[in-house]
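Every number for a ligand or one of its atoms is a count from 1 in the order of the listing.
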Amino acid sequence: MDRVDHFGRDLFVVLDREDGRPLRVQLEEQLRDGVRSGRLRAGTALPSTRALAQELGVARGVVVEAYGQLVAEGFLVARRGSATRVAKVAPAAGPAPAATAARLAPVRFDLRPESADRGAFPRRAWLAATRRALADAPDADLGYGAWAGAPALRAVLAAYLGRARGVVADPDHIVVTAGITQAIALLAGLLHARGARRVVVEEPGFWQHRTILQRAGLALAPVEVDERGMRTDGLPQAAAALVTPAHQMPTGAVLAPERRAALLDWATAHDALVIEDDYDGEYRYDREPVGALQGLGGGRVIYLGSTSKTLAPALRLGWMVLPGALAGAIADERGWSDGGSPALDQLALATFIERGELDRHLRRMRLRYRRRRDRLVAALGDHLPDAEVGGVAAGLHITVALAPDADVDGVIARALERGVAVFATQHAGRALLLVGYANIDETAIEPAVRALAAAVRG
Ligand SMILES: Cc1ncc(COP(=O)(O)O)c(C=O)c1O
């Protein structure tokens, strides 16, 4: 501690006079890092400039300037007559200061492909279903439930998935999960415990699921995706393949019929499983919906579905339809980890589907999403006429390929500065913007695309 002069004990700030950098810069940096890391939480009141200056043994002006800079960057909020506080924003996990400051700009246009339209959640119908489920549930349903999930929900799901997605489902082979996220974690754990070491994944693919597989000790065998979905010529040896056939995440490609057949042949030849992530299969706009692969799969496909893209991620409700031989083992994995999903939520979902509310909601939303998608594609044609737009046939996002030499981080940062939040990925040496339309009003699409186009042009 001999090089350290003074601590700001209230804030855990340490200034080092031999560091060579101005004390103001050190103070700013540490406060900025504190906010970013979440150590200084939103709304926290900072000491007065006088008190902190005294504690640190610096001129008050040093603290005044540091606070001022951080207010300008959006990390702190100053209000006359009250303490300077940490801004009410989610701290970002460590990007460069410029990007962070931009990230903190308020999001006016949310084009992130994350969830169903959060503003369109059918609150009233959900509440009614919850009430009905609670009123009807016998006392026995309030005890510890079946690890695989409430029998009433599994029966309703079997009928719904057969009808809407062409899934061949026996209620006894369904396991209710906390979303697809948990389904993949359960599968990864079980596969690894049974000796699996490698899983084929789509390249590019959904990073979160890759992380889950890797955390379970499974190696990834990435296989390239093109405009017809994942390539199936020369699939490597692996215990399973995790795919998004209805609407590839993130490229938006729909897996071509001959590739579906080839994937299933591969699974048979290698005694492997196909894990079908049908996260947004309910949305297909211009043609007949593509049924689930599971319906063709002859017992080698594990089907995964979720309410995150139809209702809301907050429900944390999803399901797996498993080959009979795996259903019990997966239900056990689930049960031993947390005893299963909350019964009342499951019963509410069963009631919601049974009453036709999910169908009604989806009919309404498909029309709405389709109109937004059409507007989005038209606006991109107007404002970024050279952009290659893809993945428009299904789902809740489209892709926009940037020029090969585009600085994608710059595009994202400039978009944020204009209030547009959007995700990007890499595909075949190009950056792809992933432009979601589930959480933007139809009328906001034109100004959002204009701002995005300005960010792309730099
Ligand atoms: C590829 C993919 N699968 C599944 C999900 C949904 O996961 P969960 O059901 O855990 O919310 C998402 C959500 O964004 C997704 O992008």
Side-chain angles (χ1 to χ4, degrees), residues 110-118 121 149 153 157 160-161 165 174-189 199-213 215-216 220 222-223 225 229-230 240-255 274-284 290 292-294 301-321 330 334 337-338 341-342 345-346 349 358 365 369 391 394-399 421-425 427 432-439:
D110 188 355
L111 301 178
R112 290 169 291 200
E114 276 183 332
S115 72
D117 186 338
R118 293 181 290 274
F121 183 80
L153 176 58
L157 283 173
Y160 167 74
L161 294 172
R165 302 294 302 126
I174 293 180
V175 174
V176 178
T177 62
I180 290 174
T181 305
Q182 186 185 42
I184 291 181
L186 293 173
L187 273 173
V199 174
V200 165
V201 292
E202 298 165 323
E203 174 60 40
F206 188 41
W207 66 271
Q208 198 169 310
H209 293 169
R210 292 177 171 216
T211 306
I212 294 171
L213 295 171
R215 283 171 61 102
L220 306 179
V223 172
V225 168
M230 187 176 77
L242 171 59
V243 288
T244 47
H247 187 231
Q248 204 272 329
M249 184 68 177
T251 67
V254 179
L255 189 64
V274 174
I275 305 169
E276 177 176 24
D277 173 358
D278 196 37
Y279 67 108
D280 67 0
E282 281 86 354
Y283 305 109
R284 179 146 174 115
V290 181
L293 193 58
Q294 193 268 4
V301 180
I302 298 168
Y303 174 90
L304 312 181
S306 169
T307 50
S308 292
K309 302 283 184 181
T310 53
L311 292 169
L315 294 177
R316 304 314 303 135
L317 277 172
W319 43 85
M320 312 171 73
V321 181
I330 285 288
R334 175 75 207 266
S337 72
D338 68 354
S341 291
D345 295 348
Q346 294 184 70
L349 180 59
L358 182 60
M365 294 312 293
Y369 289 140
L396 299 177
H397 75 272
I398 62 172
T399 61
V422 67
F423 287 159
T425 189
H427 181 223
L432 285 187
L433 294 180
L434 309 180
V435 185
Y437 44 90
N439 281 286

(message) Please evaluate residues Gln182 and Arg334 with respect to the criterion side chain to side chain donor-acceptor pair (under 3.5 Å), reporting the C-alpha separation (whole Å), side-chain torsions for both, the decisive distance (0.1 Å), and the verdict.
(response) CA-CA 9 Å; Gln182 186 185 42; Arg334 175 75 207 266; 3.2 Å; yes
(message) Within this structure, what is the CG-OG1 distance for the pair Leu396 and Thr310, rounded to the nearest 0.5 Å?
(response)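 Between Leu396 CG and Thr310 OG1, I get 9.5 Å after rounding to 0.5 Å.
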(request) Starting at CD1 of Ile275, measure out to CG of Leu293 and round the result to the nearest 0.5 Å. (result)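 Between Ile275 CD1 and Leu293 CG, I get 12.0 Å after rounding to 0.5 Å.
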(request) Output the set of protein residues with a heavy-atom contact under 4.0 Å to ligand 1, ordered first by chain identifier and then by residue number. (result) Glu114, Gly179, Ile180, Thr181, Phe206, His209, Met249, Asp277, Tyr279, Ser306, Ser308, Lys309, Arg316
(request) Indicate the ring-plane relationship of His247 and His397, choosing parallel, tilted or perpendicular according to the 30° and 60° boundaries. (result)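 If you compare the ring of His247 with that of His397, the planes turn out tilted.
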(request) Using the test side chain to side chain contact (heavy atoms under 4.5 Å, CB included), find all partners of Thr425 that sit at least two apart in sequence or belong to another chain. (result) Pro204, Pro250, Leu432, Leu434
(request) Identify which one of Thr244, Val243, Leu242, Thr251 satisfies the side-chain contact (heavy atoms from CB on, under 4.5 Å) criterion when paired with Met230. (result) Val243
